[in-house]
Every structure is written in structure tokens, then in C-alpha cells.
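Heads up: the structure comes next, in C-alpha cells.
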Amino acid sequence: MIKLIIKRLLVAIPTLIVIIAFVFILMRLAPGGPFTNERALPPEIEKNIQAAYNLDKSIPEQFLIYVSNITKGDFGPSFKYKDFTVNELILSGFPVSLTLGLSSIIVALFLGVFLGTVAGIKRNTYFDHIIMSVSLIGICVPSFVLAPILSLFFGLYLGLLPISGWNNGNILNLILPITALSLPQIAVISRMMRASTIETLNSNFIKTARSKGLSQKIIIRKHVLRESILPIIDYLAPASAGLMTGSIIIEQIFGLPGIGRYFVVGALQRDYTLVSGVMILYATLLIILILFSDILRAFLDPRVKLK
Amino acid sequence: MNFDLLDRERKEKILKSALSVRGRSLWSDARRRLFKNKAAVTGLIILSIILLFSLFGPLFLQYKFDQTNWDTIYQAPNLQNGHYFGTDGNGRDLLVRILYGGRLSLTIGVIATLVSVFIGVTYGTISGYLGGKIDIVMMRIVEILYAMPYLIFVIILMVVFGRNIYLLFIAIGAVEWLTMARIVRGQTISLKEKEFIETSKALGQSTFLIIVKHIIPNLAGPIIVYITLMVPAVIILESFLSFLGLGVQEPLTSWGVLISEGSRDMETAWWLLIFPGTFMVLTLASLNFIGDGLRDALDPKEY
């Protein structure tokens with residue numbers, strides 16, 4: 001187990017460095033520096049500014065400074081939000097995005113696994129057909145179409161739920177964003193779960209369990225679920241990546257002050273430090289998640305250790 | 001039955017009927033199975049209608065897609081004055097804009113998919129055919145890239161290099177090739193052990209020609225299935241970017257742009273959101289149906 005973790009870490013760290021390098025290079029390639037101005041500054045002032053931001057050093061030196069700052073957890077000042085550092089912006093948005101993302105993935109996992117398993121067990125019944133057609137809607141209706149329609153219907157026509165704002169994390173304000181964000185994932189997860197449940201139900205060890213006379217309940221809980229949930233664990237990381245990108249749009253639509261919103265504003269205004277800070281944060285989170293899902297998988301599936 | 005004893009006329013008849021029986025190839029079998037699949041056929045019909053409408057519809061409508069009219073702002077759908085789907089905040093006809101948007105969305109879907117298929121097939125065949133250490137390294141790279149939040153990459157690319165349609169094609173294509181590369185690699189590995197590849201090798205054909213002439217044509221099935229499932233993903237991606245204001249720019253339009261505008265104005269003008277949304281969802285659903293149908297048709301063991 002420890003060997004596996006070390007092996008994965010050995011891959012994860014270079015990956016992160018490559019991402020940071022990529023972001024850094026893109027930022028340097030970008031046309032127009034942060035201090036490109038219509039009005040030419042006196043050369044002395046320009047020199048001072050450049051020195052203050054280390055722009056007078058060579059590119060490799062700048063990269064080293066950048067990386068060492070990041071390892072200290074410092075993403076530098078924001079270019080466009082004057083008087084704010086990227087850290088402050090990210091910290092202010094993080095709780096919102098984390099609440100949204102975590103609750104969506106939990107909802108998606110539980111509902112997806114539950115619906116998929118039931119559909120797989122009751123294959124080709126009405127229940128199965130209904131779940132599968134609803135999940136098809138989840139796949140075909142992108143979240144940026146679903147979200148406005150949901151808020152139009154529940155917020156404006158029925159007046160049941162608030163359509164925008166954070167309101168200090170009031171649960172009513174969160175229902176619509178979480179629904180819009182998790183529905184596509186519920187759809188994908190329940191389809192995967194259904195397929196793998198059907199496959200597991202047809203395998204030999206389940207036949208053995210049946211012939212031993214175990215009850216259906218125990219077979220499902222102890223044998224089927226444990227085997228058929230493995231693909232879902234592998235899907236955890238891509239699902240989270242999907243949620244991260246999805247949250248960018250959902251935060252925009254529902255006016256939530258999360259990281260995704262800063263990312264979009266930063267992207268539209270060419271705030272390179274902010275954009276790259278968010279990018280690196282997302283990549284780090286994802287890599288940690290992949291590590292976590294690999295470990296979880298090894299824990300659940302003894303065959304992985306043997307390899 | 002002894003053939004010699006038959007009279008000449010009957011002989012001819014039998015021979016003729018034998019000639020008229022056509023062998024069933026893999027492809028005609030697949031076509032038959034596809035047309036038996038009701039969902040796939042419905043998808044094909046809906047998609048063709050949307051395609052034809054987007055291509056030729058604007059010719060028959062009296063408004064232009066960028067024609068503004070300050071007297072007809074936010075008009076609800078109306079059959080009398082020719083604004084069948086209503087108008088937007090600049091008084092432009094929504095129907096024409098949806099059709100133009102459809103052209104662009106579908107074009108981006110197809111072209112970006114082709115870019116990603118090109119990269120994926122090249123990468124996958126090389127990795128699978130060469131095997132060994134090269135394969136391990138190449139697949140490791142794919143695995144690492146899988147862990148990236150692609151969309152964020154695309155957004156950064158669009159930010160850094162400006163919002164340009166051609167860049168959009170390449171950026172989307174460049175992030176969507178990973179799954180293709182994996183599928184192609186797996187198929188290539190099983191293909192390269194087959195006798196006809198051995199024969200070509202023995203005949204001294206170069207690796208490049210073996211890949212192009214023998215491996216790739218045999219991958220047609222999975223590639224086609226993948227393309228139909230990829231196009232909707234790309235359309236969503238493009239709309240996503242356009243929704244954020246990073247994709248297609250005015251006065252050009254795409255479904256993503258229209259949905260984005262519509263969701264901003266939905267309180268006053270529901271039609272601006274519902275109609276483009278419907279067109280997009282119908283297209284995505286039909287492509288998914290066709291893709292699923294093709295997969296079942298081309299690979300009957302797996303469903």
C-alpha cells in the first residue's frame with residue numbers, strides 16, 4: 001500500500017511541475033504585460049516596477065522564483081483587482097466553491113450509485129426504463145441550459161426558491177445550483193453503475209453466493225456493490241474535473257461568489273496571475289483526488305495490490 | 001438434385017438468382033441493424049431535419065441574422081409578422097439566428113472532432129503499433145493529461161491568444177483526443193498480431209504504410225462510433241465557452257451564445273432561452289441516439 005502511494009506521488013509531483021511550467025510559459029507568451037500602458041512611463045519608474053515584480057531577471061530565474069513562491073503558497077498580487085493578492089481572492093471564494101462542489105459530488109455519488117444499482121437489479125422493468133430515460137435527459141441537457149430553466153421555473157414562476165446569491169450558505173439558495181451541477185453527473189454515474197451491476201450479477205462468484213443460499217439483500221450489499229462500484233471510483237476524478245468546470249458556469253448563473261467566478265472575470269480581463277493561480281489550485285486539487293481514488297481503489301480491490 | 005438433368009431454362013434461372021443474391025458484408029449487416037434501432041432512426045431523422053433547416057432555412061426567411069430593428073425589440077413569437085420565434089433585444093429575428101448559430105455550432109462540432117480524431121488516431125496507432133517502452137511512456141502521458149481540467153486549459157488558451165474561431169477548433173480538438181488515442185491503441189495492439197499484418201511485414205512494407213494502409217482502415221468502426229459521440233461533447237464545450245463570452249463573438253452567433261443571451265433575458269423573454277435550448281438539446285440527443293445505435297450495430301457482442 002505504501003509502495004503504491006509513493007509510486008503515485010512520484011508521478012503526481014512531476015505532473016504538477018509540468019502544469020506550473022505550462023501555465024508560466026503561457027503567461028509569458030501572452031501579448032501585453034501587466035504594465036503595458038498607453039502612457040509611456042519614465043524609464044526609471046519602469047525599471048523600479050519591473051524590479052519590484054522580478055521582471056528584470058532572466059526567464060529561468062523568474063520561473064524558479066514563481067515555483068518557490070507557489071510552494072510557499074503565494075500566488076502573487078492580482079493584476080486587475082488592485083490591492084488584492086490572488087491568495088485573498090481565492091480564500092474568499094474557496095468556501096463557496098468547496099461547499100457547492102462537495103455537496104454536488106456527494107449528491108451525485110449517492111443518488112447515482114443508488115439509482116444505477118436499482119436499475120441494474122430491476123433490469124428491463126418500468127423502473128429501469130424511467131431511470132434510464134431521465135438520465136438521458138441529464139446527459140443531453142447541458143448544465144448551462146438546465147440552470148436557467150430551473151431558476152426560471154422554480155424561482156420566477158413558482159417563486160419557491162431564490163434564484164441567485166449566496167446568502168451565507170443558506171440551504172434554500174444552494175438547492176438549485178446543486179441540482180443543476182449534480183444532475184449531469186448523476187446521469188453518467190447511474191448509467192455506469194447500471195452497466196457494471198448487470199455485469200457483476202452475471203459473474204460466477206455471484207452464482208456461487210446464490211448457490212450457497214445467501215439472501216438477495218446480502219448478495220447485493222456484500223458482493224455486488226463492492227465489485228460494481230469500482231468503475232465509479234475510477235470515475236471520481238473525471239467527475240470532479242467536470243464539477244470544477246461546471247461550477248464555473250453555475251456560479252456565474254446563480255451569482256455565487258466562488259472561485260469559478262473570479263476565474264471567469266480574470267479570464268475576460270486578462271488577469272494572468274489570478275487565472276494561473278486558480279488553474280494551479282484546480283490542478284492540485286484534482287491530483288490529490290486522483291491519488292485519493294487510487295488509494296481507495298486499492299483498498300476496495302485486493303487485486304490491485306497483487307499487480 | 002442433379003444439376004445436369006435440369007433443363008437449360010431452369011439452369012439459367014437458378015444461376016441468375018444466385019447472381020442476384022448479394023453477399024452481406026459487415027457494413028451492410030451493420031446498416032440493417034442500425035435501421036432496426038428505432039431510437040437511432042429517430043435521431044437520424046431529427047438530425048437531418050435540423051441540418052437541412054440550418055443549411056437552407058435562412059434562404060426562405062425574410063430577415064437576416066444580423067439585421068437589427070429598433071421597432072421590434074423583445075417581440076414574442078408571432079406568426080403574422082414572420083418572427084416565428086420572436087426577436088431579441090436588438091430586434092433581430094430569433095429563428096434566423098438559431099439557424100445560423102446551428103451552422104456554426106455543428107461546423108465547430110465536426111471540425112474540432114476531426115482534429116481530435118486525427119491527433120488521437122495518429123497517437124494511438126503509433127503507441128500501440130510500436131509497443132514497448134515508447135508505448136508505456138506515451139500512455140503515461142495520456143494518463144497524466146487525463147487528470148487535467150481540460151476546459152480550464154482551453155479557457156487559458158483563448159485568453160492568451162485572443163478569441164479566434166480557428167483557435168477554438170484547434171483548442172477543443174487538442175484537448176479531446178485522449179479517449180480516442182486509448183481506444184485506437186487497444187484496437188491496434190490486437191490488430192498487429194493478425195496474419196495479414198505479418199504478411200505485409202514479411203513483404204517488406206514500411207511501418208508507416210502498414211499503419212496507414214492496414215491498421216487504420218480496420219479501425220473504421222470504433223472511430224465512426226466515437227465521432228458521433230464526440231460531436232455532441234464538442235458542441236457542449238463550444239457552447240460552454242461561448243456562454244462565458246470566450247467563444248464565438250458577435251455578430252456571429254452559435255447556440256451557446258444564444259443560450260447565454262437568452263438566460264440573461266429570460267425574465268422578460270422566455271423564448272430567447274427556450275428555443276435555442278430546444279434546438280441544442282434535440283441535436284445532442286439525436287447524436288447520442290445515433291452513436292449508441294452505431295455502437296450496437298457495429299459491435300453486436302457488446303451492449
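Below, chain A is the first sequence line, B the second, and so on; all start at residue 1.
Separating the CZ atom in B:Phe243 from the OG atom in A:Ser143 is a distance of 8.5 Å, to the nearest 0.5 Å.
Classification of the B:Phe240-A:Phe144 ring pair by plane angle, with boundaries at 30° and 60°, yields perpendicular.
Contact annotation for B:Ser239: both backbone and side-chain heavy atoms come within less than 4.5 Å of a heavy atom of chain A. Interface residue A:Val264: only side-chain heavy atoms are found under 4.5 Å from chain B. Residue A:Leu136 touches chain B through its side chain alone, counting heavy-atom pairs closer than 4.5 Å. Looking at B:Ile236, both its backbone and its side chain come within 4.5 Å of chain A, counting heavy atoms on both sides.
For residues 249-257 of chain A, the interface with chain B (any heavy-atom pair closer than 4.5 Å) comprises A:Ile249, A:Ile253, sorted by residue number.
Residues B:Leu273 and A:Pro148 approach most closely at CD2-CB, 3.5 Å, considering heavy atoms. Residues A:Cys140 and B:Ala285 share a closest heavy-atom pair of SG-CA, 3.4 Å. Closest of all the heavy-atom pairs between A:Val145 and B:Gly277 is CG1-CA, 4.2 Å.
The 12-atom threshold is exceeded at CZ of A:Phe63, counting heavy atoms of other residues, nucleotides or ligands nearer than 6.0 Å.
Chain B forms the most heavy-atom pairs under 4.5 Å with one residue out of A:Val275, A:Leu146, A:Ile198, A:Ile149, and that residue is A:Ile149.
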